Amino acid sequence: MNILLLSATLLGGVLLSAQSSINGVFGQKAGALESTFLTFFTGMLFLALAVLFFGQGDVLLLLDAPRWQLSAVLFGVSYLFLTILAVPKIGVTAASIATVVGQLSAGMVIDHFGAFGGVEVAFDLKRFIGLLLMLAALFFIYRGNKRRVEATDADSIAS
Amino acid sequence: MKLIYYVFALLAGIALSIEGAIYGELGNSIGKLESSFYNFFAGTIIIGLIMLFFGKGSLAYTFKAPKWTLLGGLLGSIYLTILIISIPLVGVGLAMISVIIGQMIASMVIEHKGWLGSRRFAINKDKLIASGLMIAALFLIF
């Protein structure tokens with residue numbers, strides 16, 4: 001059961017990367033805001049069908065949910081919009097790794113304070129070293145990208 | 001100058017984490033698919049308003065665009081639903097690790113092959129070192 005769930009989340013990561021690439025392509029022609037809108041709009045249509053046929057909860061409970069929980073959508077919108085801006089400029093790998101670094105750093109802060117009703121996990125030396133390694137990873141991706149840009153420039157001068 | 005786009009991507013990741021943490025809670029009270037639906041429903045309204053007033057692009061391009069470029073919303077909604085279902089069962093930590101590994105492998109393959117309209121960019125030493133560091137970091141953090 002767990003193996004199945006973990007494969008599903010792995011697939012989730014694959015889908016997220018594919019989505020970033022696809023939206024980057026669409027956004028360059030149609031505009032970043034427009035691409036964000038289209039993603040939300042079509043996502044809403046698909047999920048409306050899914051809720052209709054497979055929903056086991058109750059959408060109307062939204063009206064009773066704590067207001068702060070509903071603010072999550074602001075973060076969802078920001079995530080998508082920022083990704084659509086970044087991917088065409090720095091590529092999907094660099095954008096994914098930078099996103100992950102932001103994700104994990106924020107995750108550690110959230111854990112440390114047990115914010116949003118989650119479990120409290122203290123920030124310790126191991127996590128600090130992990131953070132440093134991630135920053136180093138980001139540096140290598142940045143350097144690799146810069147080299148590529150220089151190489152492309154050299155190509156275009158030569159041709 | 002491109003550095004600003006790395007900052008954007010970092011901020012995007014921070015937003016993704018906060019989003020996941022809050023939706024985990026919401027999913028428990030109103031249902032998983034329903035939370036996912038709420039995200040896309042409210043998001044459509046918010047970004048729709050922003051686009052109306054500040055959009056400089058062309059939404060009409062949607063009808064001319066190659067159809068596969070319209071699939072972002074489908075992929076995103078599957079991702080979010082999978083996550084909301086699995087987080088309570090396997091825990092945020094393990095779920096994040098598998099998402100991240102899937103994301104890193106997929107993005108490198110996509111760029112290496114030039115799939116989905118991305119510019120081709122072969123896997124190089126810097127990228128491999130970066131992935132190694134990321135995996136070590138994941139072990140330390142969880």
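Below, chain A is the first sequence line, B the second, and so on; all start at residue 1. If you're wondering where the values come from, they're calculated on a predicted model, not measured in any experiment. Side-chain atoms are counted along with the backbone in the values below, which use heavy atoms only and exclude waters and symmetry mates.
- Between chain A and the residues B:G27, B:S86, B:G31, B:S58, the most heavy-atom pairs under 4.5 angstrom are made by B:S58.
- In this structure, chain A has a heavy atom under 4.5 Å from the side chain of B:N124, while its backbone stays farther away.
- Here the CG-CD1 distance, from B:L10 to A:I97, works out to 11.5 Å after rounding to the nearest 0.5 Å.
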Which atom pairs, one a donor and one an acceptor, fall under 3.5 Å between side chains of residues 127-137 of chain B and the rest of the protein, sequence neighbours left out?
from   : atom 1 : to     : atom 2 : distance (Å)
B:K127 : NZ     : B:E111 : OE1    : 2.7
B:S131 : OG     : B:K127 : O      : 2.7

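- Using a 4.5 Å cut-off between heavy atoms, B:L26 contacts chain A through both its backbone and its side chain.
- Proximity to chain B is absent for every atom of A:F128, based on heavy atoms less than 4.5 angstrom apart.
- The parts of B:L11 that come within reach of chain A are both its backbone and its side chain, each placing non-hydrogen atoms under 4.5 angstrom from that chain.
- The contact between B:W68 and chain A is made by backbone and side chain atoms together, counting heavy-atom distances below 4.5 Å.
- Highest contact tally toward chain B, considering only A:S7, A:S78, A:A8, is held by A:A8 [criterion: heavy-atom pairs under 4.5 Å].
- Between chain B and the residues A:G31, A:A106, A:A94, the most heavy-atom pairs under 4.5 angstrom are made by A:A106.
- For B:T81, the part sitting under 4.5 Å from any heavy atom of chain A is the side chain, from C-beta outward, and nothing else.
- The aromatic rings of B:F41 and B:F37 sit parallel, their planes meeting at an angle under 30°, below the 60° perpendicular limit.
- B:S36 places no side-chain N or O within donor-acceptor distance of the main-chain N or O of B:K32, the cut-off being under 3.5 Å.
- Alongside A:L38, the hydrophobic cluster contains A:F26, B:Y61, B:L70 (criterion: ILVMFWY side chains under 4.5 Å).
- When heavy atoms are compared at a cutoff of 4.5 Å, A:V77 approaches chain B solely by way of its side chain, counted from C-beta outward.
- In this structure, CD1 in B:I18 is found 12.5 Å from OH in B:Y23, a value given to the nearest 0.5 Å.
- For A:S105, no part lies under 4.5 angstrom from a heavy atom of chain B.
- Here CZ of A:F46 is found 8.5 Å from CD1 of B:I78. Values are rounded to the nearest 0.5 Å.
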